[in-house]
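Quick caveat, the model's predicted, so the values are computed rather than measured. Hydrogens, waters and symmetry mates play no part in the numbers below; they use all other heavy atoms, side chains included.
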Amino acid sequence: MPEHTPSPSPSRAVYGFVLYLGSCSALGLYLVWAILPDSVLHSLGLTYWPMKSWAVTLPIYGCVLLALFAFLFYPGLNFMIVPPIDDMRIITDSHSIPLDETLVSEIPPASDLPLAEVCQHLYLESKM
């Protein structure tokens with residue numbers, strides 16, 4: 001079984017380096033297209049390019065999509081995953097240890113307290 005470590009394997013390092021070079025090249029090409037005037041691009045033989053307004057429009061669309069994901073889709077997905085409020089999985093899980101009343105000793109064993117007992121001590125104690 002392969003060991004999972006955060007250090008990159010040789011293939012992951014190569015993929016990361018290629019991705020880095022590709023993203024830097026794409027950024028350079030984007031900046032050349034966005035900054036240089038059309039006359040300079042035409043003199044280089046590059047005649048078909050998108051309109052310059054897309055240089056501003058695409059990043060704005062990207063920011064809007066990121067904001068929609070961050071503020072609508074991601075919380076919505078989390079709300080769909082969480083069980084309903086009256087589900088027992090909200091207060092217990094597979095790692096819960098029930099209190100065993102048969103074991104009587106000076107120091108009680110480690111266990112989870114029942115929710116009713118916790119609520120009684122927190123909220124229903126008489127204030128004298």
Side-chain angles (χ1 to χ4, degrees):
M1 185 164 169
E3 181 180 337
H4 297 288
T5 63
S7 63
S9 63
S11 63
R12 283 176 50 198
V14 169
Y15 290 145
F17 183 65
V18 168
L19 183 64
Y20 170 74
L21 288 180
S23 63
C24 287
S25 301
L27 177 65
L29 185 64
Y30 171 77
L31 291 175
V32 164
W33 165 64
I35 294 172
L36 287 180
D38 284 334
S39 60
V40 175
L41 294 174
H42 290 308
S43 68
L44 295 173
L46 304 171
T47 58
Y48 181 75
W49 289 90
M51 293 178 5
K52 295 283 185 173
S53 63
W54 285 104
V56 176
T57 306
L58 286 178
I60 291 173
Y61 280 163
C63 289
V64 167
L65 287 176
L66 181 66
L68 281 175
F69 178 77
F71 294 114
L72 294 177
F73 298 128
Y74 188 68
L77 289 173
N78 284 333
F79 283 135
M80 287 174 34
I81 292 172
V82 174
I85 194 70
D86 58 349
D87 195 346
M88 283 301 290
R89 290 178 292 171
I90 295 289
I91 56 176
T92 61
D93 62 0
S94 61
H95 302 289
S96 296
I97 304 170
L99 181 62
D100 189 6
E101 299 289 339
T102 60
L103 298 174
V104 178
S105 65
E106 291 291 323
I107 300 174
S111 65
D112 293 328
L113 296 174
L115 184 61
E117 182 180 337
V118 172
C119 288
Q120 181 179 7
H121 285 297
L122 286 177
Y123 307 116
L124 297 178
E125 283 188 352
S126 62
K127 310 269 189 211
M128 292 190 188

Subject >> Hphob cluster co-occupancy, V64 + Y74, side-chain heavy atoms under 4.5 angstrom >> reply: yes

**OP:** Carefully, step by step, assess D38 and K52 under the rule side-chain contact (heavy atoms from CB on, under 4.5 Å).
**Re:** CA-CA 9 Å; D38 284 334; K52 295 283 185 173; 3.2 Å; yes

**OP:** Indicate yes or no: at least one non-hydrogen side-chain atom of L124 is less than 4.5 angstrom from one of C119.
**Re:** no

Original post:
Is it true that L31 and L29 fall in one hydrophobic cluster, defined by side-chain heavy atoms closer than 4.5 Å?
Top reply: yes

**OP:** Report yes if the side chains of V14 and F17 come closer than 4.5 Å at any heavy-atom pair, otherwise no.
**Re:** no

Original post:
OH/Y61 to CG/L68 distance, rounded to the nearest 0.5 angstrom?
Top reply: 12.5 Å

Subject >> Residues forming a ring pair (Phe, Tyr, Trp, His ring centres under 6.0 Å) with Y30, sequence neighbours excluded >> reply: W33

Subject >> Least distance between heavy atoms, P84 atom then I90 atom >> reply: O-CG1, 3.5 Å

Original post:
Hey, any chance L72 and L66 share a hydrophobic cluster, counting ILVMFWY side chains that come within less than 4.5 Å of each other, even indirectly?
Top reply: no

Subject >> Joint hydrophobic cluster, Y20 plus V18, side-chain heavy atoms closer than 4.5 Å >> reply: no

**OP:** Quick one: closest heavy-atom pair of A70 and P75, and the distance?
**Re:** O-CD, 3.4 Å

Original post:
Should L58 and L27 be counted in the same cluster of Ile, Leu, Val, Met, Phe, Trp and Tyr side chains packed under 4.5 Å apart?
Top reply: yes

